[in-house]
Each structure stands twice: as structure tokens, then as C-alpha cells.
Amino acid sequence: QVQLVESGGGSVQPGDSLRLSCAASGRSFSHYGIAWFRQPPEKEREFVAAISRRTSTTVYADSVKGRFTISADNAKNTVFLQMDNLKSTDTAIYYCAPAPSDNNPKWVENWGTGTRVTVSS
């Protein structure tokens with residue numbers, strides 16, 4: 001079983017950038033798709049982005065298209081989420097997980113502790 005640990009969150013101002021990391025341990029996850037999700041304050045968890053480790057195909061939520069980039073470093077067993085031009089609406093706890101069916105968070109069985117991103121002026 002693979003374990004995923006998120007890191008890289010912080011407090012930034014609107015327009016700033018952050019890069020989140022999702023590090024895998026336990027076994028190589030080269031055959032997994034990996035997805036990022038987020039949970040804004042007092043809201044449901046939502047899909048952000050996903051990457052197919054096999055084809056490197058990426059998909060994004062409309063709310064982050066053109067601002068966020070998901071990528072993978074297979075040698076380091078790590079998936080990144082580069083977040084540019086951050087907005088206050090990006091404030092959330094960010095989680096990574098093996099990409100579930102339809103990238104729907106309700107199918108994720110185990111969540112990590114996440115990493116908090118706060119965007120505020």
C-alpha cells in the first residue's frame with residue numbers, strides 16, 4: 001500500500017505562488033494516477049487536479065485552469081502542484097490521493113493530514 005504525505009502549504013498574499021508536494025512511500029506509485037483535492041473552510045472537499053502516471057495526462061478543475069500545474073517526478077516518487085496567481089478563494093486544506101473514479105473525492109478511502117494554504121491580504 002502506498003502512503004502519501006502532503007507538504008508545502010503556507011500563508012501568502014493574493015497573486016503569490018506556492019508549490020505543494022505529495023510524497024509517496026511504501027511502494028512505487030508509478031502506475032497510480034494521483035489527484036489533488038482541497039477543502040475550503042466550511043465547504044465540501046473538491047477536486048483540484050489529477051495526473052496519470054502512465055500517460056502524464058492532466059486534468060484540472062475549471063476554477064484553477066491556467067493558474068495551477070500538476071506534475072510528477074517519478075524518480076522522487078513525488079507529485080507537485082504549482083499554484084500561481086493565488087486567490088482568496090484558493091484558501092483551503094489541500095490533500096493528495098490516488099486518483100479515484102471520476103476524480104470524485106467520495107471514493108477516496110483514506111485521507112492524509114493535508115497541507116493548509118491561506119491566501120489573504
Side-chain angles (χ1 to χ4, degrees):
Q1 188 172 354
V2 63
Q3 291 82 41
L4 303 176
V5 177
E6 308 92 345
S7 64
S11 294
V12 297
Q13 296 186 336
D16 285 352
S17 297
L18 277 176
R19 188 174 81 155
L20 306 184
S21 298
C22 172
S25 62
R27 59 181 280 189
S28 173
F29 70 156
S30 61
H31 59 290
Y32 285 97
I34 297 294
W36 283 97
F37 301 88
R38 68 185 181 185
Q39 187 164 17
E42 301 180 3
K43 293 186 177 181
E44 296 292 315
R45 202 163 301 188
E46 62 186 20
F47 169 74
V48 176
I51 185 167
S52 166
R53 302 302 305 284
R54 184 171 57 86
T55 65
S56 296
T57 302
T58 57
V59 60
Y60 298 92
D62 288 342
S63 58
V64 306
K65 277 181 184 176
R67 300 187 300 119
F68 290 13
T69 304
I70 188 170
S71 63
D73 185 331
N74 291 340
K76 295 182 178 180
N77 248 9
T78 301
V79 171
F80 302 100
L81 185 67
Q82 176 67 39
M83 308 187 296
D84 298 318
N85 190 22
L86 283 160
K87 304 177 180 181
S88 59
T89 50
D90 296 317
T91 294
I93 299 175
Y94 285 72
Y95 304 85
C96 63
S101 176
D102 294 331
N103 291 317
N104 191 325
K106 73 178 181 179
W107 301 122
V108 176
E109 294 183 345
N110 296 298
W111 294 100
T113 56
T115 185
R116 184 180 298 273
V117 173
T118 303
V119 185
S120 174
S121 56

request  = Let me see the working for I51 and V79 under side-chain contact (heavy atoms from CB on, under 4.5 Å), right down to the final yes or no.
outcome  = CA-CA 9 Å; I51 185 167; V79 171; 4.2 Å; yes
key: From CA spacing to verdict: side-chain contact (heavy atoms from CB on, under 4.5 Å), R67, Y60   = CA-CA 10 Å; R67 300 187 300 119; Y60 298 92; over 6 Å; no
key: Joint hydrophobic cluster, W36 plus V12, side-chain heavy atoms closer than 4.5 Å   = yes
task = Starting at CD of Q39, measure out to CD of E42 and round the result to the nearest 0.5 Å.
result = 10.5 Å
task = For T78 and D73, test the side chains for any donor-to-acceptor distance below 3.5 angstrom and give the result as yes or no.
result = no
Closest non-hydrogen atom pair, L18 against L86 = N-CD1, 3.9 Å
inquiry  = So which atom in N103 and which in A35 form the shortest heavy-atom distance, rounded to 0.1 Å?
reply    = OD1-CB, 4.2 Å
task = Look up atom OG1 in T113 and atom CD in E6, then write down how far apart they are to the nearest 0.5 Å.
result = 5.5 Å
message = Do S63 and K87 have side chains that approach each other closer than 4.5 Å (heavy atoms only, starting at C-beta)?
response = no
query = Which atom names give the shortest non-hydrogen contact between R45 and P105, and what distance separates them?
reply = O-CG, 3.6 Å
message = One pair to check against side-chain contact (heavy atoms from CB on, under 4.5 Å): Q82 and S17. What are the steps and the verdict?
response = CA-CA 7 Å; Q82 176 67 39; S17 297; 3.9 Å; yes
remark   = Distance col, row L4:CG vs C96:SG, nearest 0.5 angstrom, shows 4.5 Å
ask   = Does the side chain of L81 come within less than 4.5 Å of V48's, by heavy atoms?
value = yes
ask   = Nearest heavy-atom pair of W107 and P100: which atoms, and what distance?
value = CB-CB, 3.7 Å
message = Is any side-chain heavy atom of S25 closer than 4.5 Å to one of N77?
response = no
query = Which is it for T91 and V117 under the side-chain contact (heavy atoms from CB on, under 4.5 Å) test, yes or no, and what are the steps along the way?
reply = CA-CA 5 Å; T91 294; V117 173; 5.9 Å; no
ask   = For F80, is the NZ or CZ atom of R19 found under 6.0 angstrom from the centre of its six-membered ring and inside 45 degrees of the ring axis?
value = yes
ask   = What is the minimum heavy-atom distance between E46 and P40, and which atoms define it?
value = OE2-CG, 4.2 Å
message = Can you list, by chain and residue number, the hydrophobic cluster partners of V59 when the side-chain cut-off is 4.5 Å?
response = F37, F47, I93, Y95, V108, W111
task = Might you point out which heavy atoms bring S121 and P14 nearest each other, and give the distance in Å?
result = N-CD, 3.7 Å
message = Under a 3.5 Å distance rule, please check whether S21 uses its side chain to pair with a backbone N or O of A23 as donor and acceptor.
response = no
message = For K65, is there an ion pair with D62 - N to carboxylate O distance below 4.0 angstrom?
response = yes
key: Any donor-acceptor N or O pair under 3.5 Å, side chains S120, T118   = no
key: CZ on R38 to CG on L20, rounded to 0.5 Å   = 11.0 Å
query = Quick check: does any side chain N or O of N104 sit under 3.5 Å from a backbone N or O of S101, one acting as donor and the other as acceptor?
reply = no
ask   = So do D84 and F68 actually touch side chain to side chain, heavy atoms under 4.5 Å?
value = no
task = Measure the shortest side-chain to side-chain distance between V119 and M83 over non-hydrogen atoms and say whether it is less than 4.5 angstrom.
result = no
